[in-house]
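Notes follow the structure.
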Amino acid sequence: MGSSAGLRLYMSDNNGPLILDGGLATELEAQGIKLQGDPLWNARLLHTNPQAIKDAHYRFLLSGADVITTATYQASVSGFMNHLDVSCDRAKELMMSGVHLAKETVEKFVSDTHPTGRRRPLVAGSVGPYGAFLLDGSEYTGAYAEKMSEEDFKVWHRPQIECLAAAGADFVAFETIPSLKEAKALVDLLREFPDVKAWLSFSCKDGRSLSDGSLFSEAVQAVIGSDQLVAVGVNCCPPALLQPLLDSAASLGTDPCWVVYPNSGEDWDSEHGWRTSKTASSSIPKLSHTWRKQGAALIGGCCRIGPDEIAELRRELKGSSTTAE
C-alpha cells in the first residue's frame, strides 16, 4: 500500500486524520426526501434533484468534513438505464455528475468560507458492492459471491470506475464490500486505471470476520499489497466492532492506513427501517481516539450519522469544528 505515504503527508499538513462525511442518504432523508425502497437510492437525485445533493454535501463540509463522498453508492450504468429509461451515454453522464456535483460544492465552500489551516476538501467517488444493485440486503452477507467469478465482478464494476475516474474523483471509495472474492476483483481491476487511487472498506459481521465469513485479517492481507490503495478498513458496522477488527489484523507485520466509518450502531429492520436510539452514535467521537492510535488515517460516519455528529467528531479529534481553523 505504497500510496499511503502520500496520505500520511496529507494528514501531517491537516493536523491528523482526515474527517470523512457521514451518511449522505441520512442527511437527505432528514431534509424530507424519501429514498427507502428506491432501487437507485440517493443516486436517483442525480437525475431529479441534483441541488439537494449539493446542499447535503455543503452541510457536511460546514461540519468539518475533509472528504465528501459522491451519491453513487447504489448507482450503476445499467441501473440508470433500467430504472430511468435513459441511454448508455446519458447513464454515464449521470454517473460522472456525482463527482462534478461534489467538486462544484467544494469550490463553493472554499469560496464562501476561505478556510484557513485546512487543505482543500477532497472528493471520493463511491462504488458500492454488487449486492447493493441486487436490492436484497446481500451487501451485508456477500452470499451472491458464491455464484460469481472474479471476472464477473470486474465486468460489473468496470463501467462505474471508468466514469468516476474520468470525472476526476480524488479517490475511488470501494465501500461495504462483504466478500473477499469481490475485494480481490476490485483490487485487480484497479490496475486497469493506473492513475486512480482508492480505499477499500469491508462490511463485517463481527469483530473478526467479513460478512461472508472470511477473516478480516486474511482479507486485509489479500489487498494490502496494492500500490493504488491509500487505505483499507471497515464501514457501516457498529462502532464497537472496529477496535477488535483492527486488532485482529495487527499481527500482519504491516503498518496500514486504516479507513473507518461506522454507522450509528442502531439496528436495521427491513420492515420498519432503522430503530432509533439517542445514544448509539455518541460512542463514535469517544472511540475515535482508539482508532487513531491503531492507525486510522480517515475517520467518519456512515448510515444514521449526520453533520452534527461529524462536527462533534472533528471537535473531539482536532479541537475545532467547522470552516475556519
Side-chain angles (χ1 to χ4, degrees), residues 20-29 31 33 35 38-61 65-84 86-110 120-130 132-133 135 139 156-177 186 189-190 193 195-201 235-236 259 261 298 300-303 307:
L20 305 182
D21 58 5
L24 182 59
T26 296
E27 177 59 13
L28 289 166
E29 289 179 327
Q31 303 305 313
I33 296 173
L35 301 175
D38 192 315
L40 295 175
W41 204 31
N42 57 24
R44 182 177 294 274
L45 301 182
L46 294 170
H47 181 64
T48 61
N49 193 353
Q51 187 59 49
I53 293 174
K54 293 175 74 171
D55 291 344
H57 283 324
Y58 195 86
R59 287 189 286 273
F60 277 117
L61 289 171
D66 298 309
V67 184
I68 54 173
T69 308
T70 61
T72 53
Y73 172 84
Q74 203 153 308
S76 64
V77 172
S78 59
F80 281 135
M81 294 172 67
N82 292 340
H83 298 296
L84 295 178
V86 297
S87 69
C88 181
D89 285 345
R90 177 56 180 154
K92 291 179 179 179
E93 289 175 358
L94 286 169
M95 195 78 195
M96 293 176 69
S97 75
V99 177
H100 296 154
L101 292 175
K103 282 180 163 284
E104 289 167 11
T105 308
V106 167
E107 292 303 320
K108 175 175 170 53
F109 169 75
V110 171
R120 177 181 294 269
L122 302 174
V123 171
S126 174
V127 174
Y130 179 70
F133 171 76
L135 308 175
E139 64 263 49
W156 165 256
H157 284 292
R158 187 176 287 113
Q160 286 71 254
I161 299 173
E162 285 177 341
C163 290
L164 296 173
D170 296 299
F171 304 115
V172 169
F174 299 129
E175 303 190 279
T176 327
I177 306 302
L186 286 167
L189 177 59
L190 197 57
F193 305 90
D195 295 329
V196 172
K197 303 300 182 184
W199 77 64
L200 192 153
S201 56
N235 76 289
C236 210
V259 52
Y261 48 120
L298 304 108
C302 199
C303 295

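Between S201 and Y261, the shortest heavy-atom distance links the atoms OG-OH, 3.1 Å. The minimum heavy-atom distance linking V196 with A165 is given by the pair CG2-CB, 3.6 Å. Residues V77 and A91 share a closest heavy-atom pair of O-CB, 3.5 Å. Residues A56 and E27 share a closest heavy-atom pair of CB-CG, 3.9 Å. The minimum heavy-atom distance between V106 and P121, with the atom names listed, is CG1-O, 3.7 Å. Nearest approach of Q160 to A75, heavy atoms of both residues: CG-O, 3.8 Å.
Residue pairs meeting the salt bridge (charged side-chain N to carboxylate O under 4.0 Å, His left out) criterion with at least one member in residues 160-171: none, sequence neighbours excluded.
Aromatic ring orientation, Y73 versus W41: perpendicular (interplanar angle above 60°, classes split at 30° and 60°). Aromatic ring pairs are classed by plane angle as parallel below 30°, tilted from 30° to 60° and perpendicular above 60°; the pair Y130 and W156 is perpendicular.
Between the side chain of T26 and the backbone N or O of C303, no donor-acceptor pair lies under 3.5 Å. Under a 3.5 Å cut-off, the side chain of N49 and the backbone N or O of L45 do not form any donor-acceptor pair. Put simply, the side chain of N42 never gets that close to the backbone of L35: no donor and acceptor are under 3.5 Å apart.
Taken to the nearest 0.5 Å, the CZ atom of R59 stands 10.5 Å off from the OG1 atom of T105. Taking CE of M95 as the reference point, atom OG of S76 lies at 7.0 Å (rounded to 0.5 Å). Remark: D55 CG to L101 CG distance equals 10.5 Å, nearest 0.5 Å. Note that the CD1 atom of I53 and the CZ atom of R44 stand 12.0 Å from one another [nearest 0.5 Å].
E139 is linked by a side-chain hydrogen bond (donor to acceptor under 3.5 Å, both in side chains) to nothing, counting only residues two or more places apart in sequence or in another chain.
Atom NZ of K103 has more than 12 neighbouring heavy atoms from other residues, nucleotides or ligands inside a 6.0 Å radius.
Counting heavy atoms from C-beta on, the side chains of F80 and L40 come closer than 4.5 Å. Side-chain contact between L24 and T69 is absent, with no heavy-atom pair separated by less than 4.5 Å. The closest side-chain heavy-atom distance from F193 to L164 is not below 4.5 Å.
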